[in-house]
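Data first, discussion second: the structure below is written as structure tokens.
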Protein chains: 2
Amino acid sequence: MGKLNENTLEHVAHRFKILGEPMRLKLLNCLQKGELCVQDLVEQTGAGQANVSKHLSLLSSHGILGRRKKGLHVYYFIKDKSVYDLCDLVCNSLEKDAAGLQQVFTPRQS
Amino acid sequence: MGKLNENTLEHVAHRFKILGEPMRLKLLNCLQKGELCVQDLVEQTGAGQANVSKHLSLLSSHGILGRRKKGLHVYYFIKDKSVYDLCDLVCNSLEKDAAGLQQVFTPRQS
DNA sequence: AAACTATATAACTAAAGAGTAAAATTGTAT
DNA sequence: ATACAATTTTACTCTTTAGTTATATAGTTT
């Protein structure tokens, strides 16, 4: 994290905030294997149509997803693959935390 | 992002949410060079004392910061350095976005 | 054209959370 | 013990936002 001025700091925080909703991560997770239309995502997530649509709009308006219209359907796809790297980093960090906790709570043989 | 089940997905989102506040990133930014006490951080950020204290509590209760008491002062320090990697990743992604926009809006010589 | 389907938008409700001021803790100094 | 200083906690206000329902838009089919 080199020299974060006030402005870029806001942008970075904003990006994190966008990724900080379980439903949005769920959508990104579904889109790992390739593009899907809104319907598909509604089915796979079990969320409401309007809700899914709003999240997708947000993600695409911030360059994380791309949008492709084909007839009645709108297909969304991953545009910024760095989100997966971010998730991986967080996962590793959380696993390390969990390992640490386990070590604390697992009594040693005496 | 390998196989994120419902549960880990929530945890990852939660971590992002924690990092999704400008003031918290500001605090992490201040702590890059080493530990600081609450007062120092209040001065460096210009935020209210209670506010800073709450953010620090949150960050340390989630393993991102560590806490060390010394007399009247409480020193906070980075415990999970991966947060800087996360910020770097986001910065790179945002820079790429900005570069793309510039390319779109900069007319070529014809 | 009308009927239908997929998606987006608008308006609303409810919950979460950032900031603040005041009171409570905790530790120090006199 | 009293006074003081650093930090935390509590209680509150205000803003933001996720989810929902209903409506609007865009495209298709008959």
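Lettering of chains follows the sequences in order, A, B, ..., and the numbering in each one begins at 1. Keep in mind the model is a prediction, meaning the values are calculated, not measured.
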Ionic contact status for A:E21 with A:K26, cut-off 4.0 Å: no
Heavy-atom pair of closest approach, residues B:L36 and B:C30: CD1-O, 3.6 Å
N/O (side chain, A:H73) to phosphate O (OP1/OP2, C:dT7) under 4.0 Å: yes
d(OH, B:Y75; P, C:dT26) in whole Å: 20 Å
First of B:V52 and A:G48 reached from the 5' end of DNA chain D, by closest nucleotide: B:V52
Sugar-phosphate, base or nothing in reach of B:K54, heavy atoms under 4.0 Å: base
C:dA8 OP1/OP2 closer than 4.0 Å to side-chain N/O of A:R67: yes
Side-chain heavy-atom pair A:L86, B:V12 within 4.5 angstrom cut-off: no
Sugar-phosphate, base or nothing in reach of B:Y76, heavy atoms under 4.0 Å: sugar-phosphate
B:S53 side chain near D:dT8 phosphate (N/O to OP1/OP2, under 4.0 Å): yes
Distance below 4.0 Å between A:H55 side-chain N/O and D:dT17 OP1 or OP2: no
Sugar-phosphate only, base, or nothing, as touched by A:Q49 at under 4.0 Å among non-hydrogen atoms: base
Min side-chain heavy-atom separation A:D80-A:L65 under 4.5 Å: no
d(CG, B:L58; C1', C:dA18) in whole Å: 11 Å
5' priority, DNA chain D, between B:S57 and A:H14 [closest heavy atom]: B:S57
First of A:K17 and A:V74 reached from the 5' end of DNA chain C, by closest nucleotide: A:V74
Nearest non-hydrogen partners of A:E35 and A:R68, listed with the distance: OE2-NH2, 2.5 Å
Candidate nucleotides D:dA22, D:dT7, D:dT9, ranked by approach to the side chain of A:A50 - the nearest: D:dA22
Between P of D:dT30 and CG of A:L72, the distance in whole Å: 12 Å
Atom pair distance, as rounded to whole Å: CD in B:Q39 and C1' in C:dT28: 14 Å
d(CG, B:D40; C1', D:dT7) in whole Å: 13 Å
Integer-rounded Å distance: D:dT8 P and B:L59 CG: 12 Å
Between C:dG27 (P) and B:R68 (CZ): distance, integer Å: 15 Å
Interatomic distance where NZ belongs to A:K70 and C1' belongs to D:dT28 [whole Å]: 14 Å
